[in-house]
Amino acid sequence: MDQNQLKKAVAEAAAQFVRERLHDKMVLGVGTGSTANLFIECLAPFKDQILCTVASSEETQRRLRLLGLEVRDLNSVDEVSIYVDGADEANESLHLIKGGGGALTREKIIAAVAREFVCIADESKYVPTLGKFPLPVEVIPMARSHVARAIVTLGGDPVYREGFVTDNGNHILDIHNMEIRDPVGLETQLNQITGVVTNGLFAVRPADLLILGTSEGIRNYKI
Ligand code: 5RP
């Protein structure tokens with residue numbers, strides 16, 4: 001199976017996971033990216049049984065509405081039952097790097113609210129140590145240089161994602177060449193730099209379940 005087929009397989013498995021847990025107050029959080037887009041397509045057969053969704057990006061909101069699903073503002077729901085999203089990297093503790101698509105802040109907010117956070121990914125994303133994928137950091141535009149200098153003192157090489165503006169009107173710095181040995185510590189440290197909105201480490205709130213697509217079939221990892 002190629003990477004896209006593995007993404008399709010995990011999208012279907014996550015849709016089945018949601019289907020088995022349907023209840024009349026189901027609020028579904030939906031992530032951003034190519035794997036999340038495949039998951040959205042898998043919702044079609046039971047979309048009428050989902051009370052509403054919350055979206056981690058404008059693009060995901062557009063896709064959900066196109067399918068006929070109701071999308072609500074996170075402030076107008078009491079809870080998020082399940083949040084399903086992809087990742088750029090995942091380790092055995094279900095710590096993640098996310099934000100390759102630039103939606104990390106809204107993704108992290110929905111993950112924080114969700115009762116269950118399900119990550120879907122193909123096997124290329126499963127790594128022993130996080131950090132080969134450049135770690136995205138969302139910054140307030142006027143703080144970009146200040147944050148970049150602070151990242152250098154932490155040992156990383158920040159690269160400005162030129163021409164990209166997040167859905168929140170901010171900029172992204174991608175940190176290269178940083179082997180992440182302490183994901184919880186680094187996530188916390190980066191978030192303390194003035195001007196950082198958030199960073200793409202999901203370790204303080206890791207996934208609850210990782211559905212990984214491998215050439216030998218689907219593997220489920222839980223912590
Ligand atoms: C977007 C993300 C995505 O989940 C991540 O980039 C994975 O994307 P894809 O499913 O296209 O490989 O965090 O901000």
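Every number for a ligand or one of its atoms is a count from 1 in the order of the listing.
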Is the shortest heavy-atom distance from the side chain of [X] to the side chain of [Y] under 4.5 Å?
{"X": "Val18", "Y": "Met26", "value": "yes"}
{"X": "Ile218", "Y": "Val10", "value": "yes"}
{"X": "Leu190", "Y": "Leu135", "value": "yes"}

message: Please find the pair of heavy atoms, one from Gly102 and one from Arg161, that lie closest to each other, and give the distance.
response: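 Closest pair (atom of Gly102, atom of Arg161, distance): N-NH1, 3.6 Å.
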- request: May I ask you to decide whether Arg106 forms a salt bridge with Glu138, counting only side-chain N to carboxylate O separations under 4.0 Å?
  value: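 Salt bridge flag = no for Glu138 with Arg106.
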Side-chain ion pair, Glu79 and Arg115, N-O less than 4.0 Å: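 Yes, this pair counts.
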task: Select all protein residues for which some heavy-atom-to-ligand 1 distance is less than 4.0 Å, and list them by chain and number.
output: Lys7, Thr32, Gly33, Ser34, Thr35, Asp85, Gly86, Ala87, Asp88, Lys98, Gly99, Gly100, Gly101, Gly102, Ala103, Glu107, Lys125
